[in-house]
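Per chain, numbering begins at 1; letters A, B, ... match sequence-line order.
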Amino acid sequence: MSSWADAADEEPHAQVVAPDPGFKESDPPPPGFSASDEGAHNPSLIEAQAGSGSGSGSAAGAGVEDGVDKPDIALKSEGLQEEEGEEVQAEVRGDAESIYKAAETFEDLGLSKELLEGLYSGMKFQAPSKIQARTLPLILSPPYSNIVAQGHNGSGKTTCFTLSMLSRVDVGENCPQALCICPTRELAMQNYKVMLKMAQYTSITSKCTASEEYGGGGRGAGVEKAGASINEQVIIGTPGTLKNWITSGRKPPLDVTNLKILVFDEADQMLDANNFKDMSLRIIKAIEDKKNKAKGAPPLQILLFSATFSDVVKEFTSRVVGNDAHRIWLPASKLSLDVIKQYRVVCPREEDKVDVLKERIFPLAERLGQCIIFVRTRPAARHLHNELANEGHKCTSIHGDQSFQERDQVVKEFRDGTTKILIATNVMARGFDVSTVTLVVNYEPPTVNGDGQTPDPETYMHRIGRSGRFGRKGAAFNLVTEHTKQVDVLGAISGHFQREVKDVPFDDDDAFEEVLKEAGLA
DNA sequence: AAAAAAC
């Protein structure tokens with residue numbers, strides 16, 4: 001594992017699929033926009049096409065051809081390939097001129113010397129990825145607008161908001177100034193490690209609510225009844241503990257009056273009514289209330305980042321970030337990850353799935369790297385783990401019924417490659433970054449509320465995105481039982497993304513070998 | 001009829 005592989009989330013191959021209009025100041029305006037456009041003062045919808053590929057029906061602006069930016073050059077030097085024909089939609093409110101000022105280098109962003117060193121020497125980055133080039137100038141300069149940004153897995157979102165937090169911190173002020181909220185402990189810790197690495201040459205202080213110090217004691221360990229006052233400048237954590245620290249659960253509470261920037265990672269999940277919506281809104285309200293009571297508190301900048309936004313959540317974001325926020329969306333046609341090949345395995349009976357795992361997939365997984373098998377429930381994870389372990393298959397499982405120590409141990413073993421096969425609930429569906437994961441198995445297609453019938457394309461997208469990282473190839477096997485709703489659910493999901501999901505006969509060894517060869521894996 | 005996250 002390379003030096004940053006264990007900590008860096010979505011950075012290095014960020015540029016692989018990141019959308020970017022690729023314009024520079026010297027470029028002519030993108031289609032649908034002109035300098036005299038009222039968009040300079042009013043919300044405007046800008047659709048730009050970069051590269052020569054897709055949807056060429058609409059007029060692609062001349063001079064926005066991609067592949068000439070420094071970020072791409074830097075990327076190619078890392079042996080990564082740029083996807084052609086990327087397309088991006090940006091709905092920009094306020095100063096639409098700023099859309100032209102994409103940062104070609106990190107120096108363009110006015111970062112401190114220490115932070116630049118962290119990026120170059122610490123993270124081994126050479127230039128901003130597309131989403132970084134596009135959003136960081138907006139985030140880091142007055143009026144410090146709110147941002148909603150959608151970018152593929154691996155487009156560099158983590159660097160984007162981590163850098164934003166670090167850059168906005170005033171090192172002379174010893175109080176919390178930046179806060180990042182993540183849906184799981186594992187993701188909070190992963191992001192925390194990225195932040196530490198990036199900040200290593202600075203004197204910026206930080207704390208993670210999910211560190212062993214707080215999260216090591218099993219359930220409820222995040223609830224700290226009393227402690228020293230928290231003076232760290234960057235705070236990263238999970239919603240429950242943070243809410244507790246901010247409101248009455250901790251003495252003294254986490255002081256949020258001086259917060260300048262609030263980041264929601266996996267923002268669509270954090271704002272989804274079925275997930276953390278209430279918690280997130282309560283945290284925001286608590287912060288704003290405290291700021292309102294304090295005199296001279298700095299305004300709060302809110303950043304929302306995710307690879308996916310359902311229409312409902314997309315609509316809702318304006319309630320959180322207001323109507324003046326800058327928004328960067330991926331069009332539906334570009335949502336899927338083309339580096340990951342997707343397959344469907346139709347099994348006559350539910351029980352056949354275990355055999356498919358044992359006889360077809362595991363032998364390949366052993367050769368190809370690591371494999372994550374997603375199941376719907378905690379008992380299912382436990383059960384499948386037992387069944388496989390009893391037959392001598394070395395695997396582990398992770399789910400919310402385990403203690404934090406168990407979870408940490410399982411993650412550690414998987415990260416260092418001691419274990420190759422991980423059975424997981426949706427706790428691992430998002431953000432988890434292990435570069436050697438080449439196979440993802442959906443033991444059943446994901447459904448909303450686990451109801452078995454409402455397709456959950458967002459979760460599907462995040463799950464399969466656990467493979468194919470760092471510019472590597474990936475494959476996803478979807479196991480469905482014949483004549484069940486699973487077939488329809490998967491059909492709806494593949495229809496949603498408009499990507500081919502090829503059938504592999506459940507009882508044919510050669511077929512599995514064959515498709516993986518075709519996926520560039522075998 | 002789930003999972004995650006405060007208790």
K.L.:
Hey, which of these two, N274(A) or K243(A), hits DNA chain B nearer its 5' end, going by closest nucleotide?
P.N.:
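The residue closer to the strand's 5' end, by nearest nucleotide, is N274(A).
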K.L.:
Do R360(A) and F506(A) meet the cation-pi criteria used here (NZ or CZ under 6.0 Å from the six-membered ring centre, within 45° of the axis)?
P.N.:
no
K.L.:
Taking the six-membered ring of Y144(A) as reference, does the NZ or CZ atom of K260(A) fall below 6.0 Å from its centre and within a 45° cone about the axis?
P.N.:
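No cation-pi geometry.
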K.L.:
Throw together a table of side-chain donor-acceptor distances under 3.5 angstrom for residues 487-498 of chain A, partners on residues two or more places apart or in other chains.
P.N.:
from    : atom 1 : to      : atom 2 : distance (Å)
S494(A) : OG     : L490(A) : O      : 3.3
S494(A) : OG     : G491(A) : O      : 3.1
Q498(A) : NE2    : G495(A) : O      : 2.8

K.L.:
For DNA chain B, determine which residues of residues 448-461 of chain A have any heavy atom closer than 4.0 angstrom to one of its atoms, and list them numerically.
P.N.:
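Close to the strand are N449(A), G450(A), D451(A).
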K.L.:
Do Q190(A) and R415(A) get their side chains close enough for a donor-acceptor pair, meaning under 3.5 Å?
P.N.:
yes
K.L.:
What pairs meet the salt bridge (Lys or Arg N to Asp or Glu O under 4.0 Å) rule with one or both residues in residues 389-398 of chain A, with sequence neighbours excluded?
P.N.:
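Qualifying pairs: K358(A)-E391(A).
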K.L.:
Quick one: list whatever passes side chain to side chain donor-acceptor pair (under 3.5 Å) with T454(A), sequence neighbours left out.
P.N.:
D451(A)
K.L.:
Choosing from dA5(B), dA6(B), dA3(B), which nucleotide comes nearest the side chain of R407(A)?
P.N.:
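Nucleotide nearest to R407(A)'s side chain: dA5(B).
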K.L.:
Counting heavy atoms from C-beta on, name the nucleotide in dA3(B), dA6(B), dA5(B) closest to the side chain of R378(A).
P.N.:
dA3(B)
K.L.:
I want to verify a distance call: between dA4(B), dA6(B), dA2(B), whose nearest atom is closest to the F276(A) side chain?
P.N.:
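For F276(A), the side-chain atoms sit closest to dA4(B).
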K.L.:
Using heavy atoms and a sub-4.0 Å distance, could you list which residues of residues 231-239 of chain A are near DNA chain B? By number, please.
P.N.:
T238(A)
K.L.:
Return each pair, listed once, that meets side-chain hydrogen bond (donor to acceptor under 3.5 Å, both in side chains) where at least one residue sits in residues 290-303 of chain A; pairs must be two or more places apart or across chains.
P.N.:
R168(A)-Q301(A)
K.L.:
With a cut-off of under 6.0 Å to the ring centre and 45° to the axis, is K420(A) in cation-pi contact with F414(A)?
P.N.:
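Verdict for F414(A): no cation-pi partner in K420(A).
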K.L.:
In whole Å, I'd like the distance from the CZ atom of F374(A) to the C1' atom of dA4(B).
P.N.:
14 Å
K.L.:
Can you tell me if T425(A) touches the phosphate of dA4(B), counting only side-chain N or O atoms and a distance under 4.0 Å to OP1 or OP2?
P.N.:
yes
K.L.:
Taking the side chain of N244(A) as its heavy atoms from C-beta onward, which of dA4(B), dA2(B), dA6(B) lies nearest to it?
P.N.:
dA6(B)
